[in-house]
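One structure is given below, encoded as structure tokens.
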Amino acid sequence: MNIPALVRVALVCAAALLSAGARAELGGDRASVEHDAVAFRGSRLVAAQGLFERHEIVRADGSRLREYVSPKGQVFAVAWDGATTPDLKTLLGSHYAEYVAALSTQRPSHHVVNVATPGLVASVTRFQHNGTGRVHLPAQMPAGIASEDLR
Amino acid sequence: MKTPYTRLAGALLPVALLFGMLAGCGGGGSGGGGTPPPPPPTLHNMTSVTVDGGPNPMAPIPNILYATITVCAPGSLANCQVISHVQIDTQSVGLRLLASVLTPALAAALLPTIDATSQNQIFECIPFADGYSWGPITKVDLQLSSTESVSGLPTHLIEDPAAFKIPAVPADCPAASGNPNNPENTPASFGANAILGLGALLEDCGSACANSVPPIQAAYYACTAGSSGTCSNINLATTQQLQNPVATLVGADNNGVVLTMPAVASPGAATATGTLYFGVGTETNNHIPAGANVLPVDVTFGQFIYAVYNDGQNNVGTSNGALDAGSSAYFFTGQNPPFIPCTTDTGFYCPSSTVAMTTTVQGETSYQGPGMGTVVTIDLNVDSIEAILTSDPSLLALPTVAGSTSQGFVYGLPFFYGRTVVVVFEGRSSADVAQAGPYMAF
């Protein structure tokens, strides 16, 4: 069951949130999403999806950044698609070093890479004009959720 | 049949002089380059393409397709170089060359182009999933075969700032890639000596890099000279951007490409050699096969088709798809089981036995838009890449390998084995099909 009904929708102007929240990153708290909305220069759409909240940040160019917040209020996954890709160093925060270390042992692959460590699972696709990606923290995923459910 | 090509800025050499010049390149080209015209039945609008593991025999890479090209300094009769292991890509546009593989004389002759607004040097960033490449835009004379050439082609020269005294890479460039710690400026990290992007678009960025306010990040820059130079994001006229090399060919063969690869039996082969034809329906050897499926690709990104897939276990996904000779596997979101993640080949699937999948594709004229036109079925099998390479590490052409991606269905090089795949560029057409590009056909 991965397409639950929209229970609550709020459109938030990112510019109004400049002063709120902690430093944004995967594993951060709900308030950190607001900083990502500012960094990504988009407006934010919040939807409760059963076991988690999805915060979708949409740029004027149609690019989307989605952050998934657990019932405990923690960002346990992020995903993106479109012409503008988020800055992974900021987005992954303390998990960034683990991510790039895992990539360093892989064969060259210009368009698709994947990382799977005990702490982090990532899939990044980058074409010339656009990209998609998804990163999640397996240990923080709410029970009953698979990465394919994060849409 | 030959018509002067007038789109590029700057002076163009007369065609006759150009061919004479290219014939003088040391060992240039694949066809011997004799100056007298070849016998009429012999066509040279083609080059051989091979999967052979790449430029580093000690670390071979499976399922990457390479060609050999000849590059000359603009207008030079002698300052030329044959470059092997040029990756063929159908989902990017433009020629990108590693400066470190060039002779010192050729590297020294390839000067940065100049931004008309700032009078500074034009640089480019290309973000990849596994890293990024950085360096100036230059111009080269390119010879793809004994009869197919273009002079003054805008080309991305990929350089290491420490070795080539160019400005440090701006922070937004690595940040837009999937691995900001990997500057891809060596054959080992790039996986090739160069990349030849023959996707469906005419330029590598187009209007987004010509008209955006502010200019978009991680694309084109104007930089002041030298290793302490500074760079700013700029808009750049489409004619100054990286051009699709085949779309700029002198003559009639500039409407697209036809890529024919032999079938490769499972589990694989040590090598696979096919043919890349220039032009679509312009000669007797480059027609769209009778009964081929024609799929329009989206006009936003010039790449996507509409794909629906079923992994044989009633797990169905729908999403954008891409026909991508530049990817080494099929990539999609597969559910476990049967798509068990590999233990050492991260991101690839290692099913316990062969998984038969049925997928369907349609054309798609807008990004994430609805499918358009005929529904085409593509059946494929997925085997464990680890099992294949454990039993025979010498295999490099692998027709049944697949991996994970978060969104979309990438029909990588395995799709191309045993097929003829056609790309017709945006705004171009072929006499074979009554519709305009961009489209792909197979």
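Every chain is numbered from 1, with letters handed out A, B, ... down the list of sequences.
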Choice from A/G131, A/S123, A/G62 maximising heavy atom contacts with chain B below 4.5 Å
A/S123
Are A/H111 and B/F331 close enough that their ring centres sit under 6.0 Å apart?
no
Which atoms of B/N336 come close to chain A, meaning under 4.5 Å heavy atom to heavy atom: side chain ones, backbone ones, both, or neither?
neither
Nearest atoms (heavy-atom pairs only) where B/A219 meets B/C209
CB-SG, 3.7 Å
Most contacts with chain A, counted as non-hydrogen pairs under 4.5 angstrom, among B/D324, B/T344, B/I195
B/D324
Minimal heavy-atom distance between A/L150 and A/H136, with the atoms involved, is CD1-CB, 4.3 Å
Side chain, backbone, both or neither: which part of A/A83 has a heavy atom under 4.5 Å from chain B?
both
Could you look at A/V115 and say if it's the side chain, the backbone, both or neither that has a heavy atom under 4.5 Å from chain B?
backbone
If the plane angle is over 60° it's perpendicular, under 30° parallel, otherwise tilted; pick one for B/Y349 and B/F332.
tilted
Sort B/I216 into side chain, backbone, both or neither according to what part of it lies under 4.5 angstrom from a heavy atom of chain A.
neither
So, are B/R96 and B/D204 salt-bridged, with charged N and O less than 4.0 Å apart?
yes
Are B/H85 and B/Q87 close enough, and set up right, to give a side-chain hydrogen bond (donor to acceptor under 3.5 Å, both in side chains), and what steps lead you there?
CA-CA 6 Å; B/H85 290 114; B/Q87 184 181 0; over 6 Å; no
So, A/S70 versus A/Q140: side-chain donor-acceptor pair below 3.5 Å or not?
no
So for A/A79, is it side chain, backbone, both, or neither that comes closer than 4.5 Å to the heavy atoms of chain B?
neither
Is it the backbone or the side chain of B/V93 that comes under 4.5 Å from a heavy atom of chain A, or both, or neither?
both
Looking at chain A, which one of B/T405, B/V410, B/T333, B/D345 has the largest number of heavy-atom pairs inside 4.5 Å, strictly under?
B/T405
B/N235-B/S212 side chain donor-acceptor pair, cut-off 3.5 Å
no
Is B/A188 in contact with chain A via its backbone, its side chain, both, or neither, using a 4.5 Å heavy-atom distance?
backbone
Largest heavy-atom contact set with chain B, pairs under 4.5 Å, which of A/T105, A/V124, A/D87
A/D87
Give a yes or no on whether the backbone of B/D130 and the side-chain of B/N182 come within a donor-acceptor separation of less than 3.5 Å.
yes
Engaged part of B/S404 at the chain A interface, taking heavy atoms whose separation is under 4.5 Å
both
Which of B/C205, B/S328, B/A208 touches chain A most, by non-hydrogen pairs under 4.5 Å
B/C205
Can you say whether B/D89 sits under 4.5 Å from chain A via the side chain, the backbone, both, or neither, judging by heavy atoms?
side chain
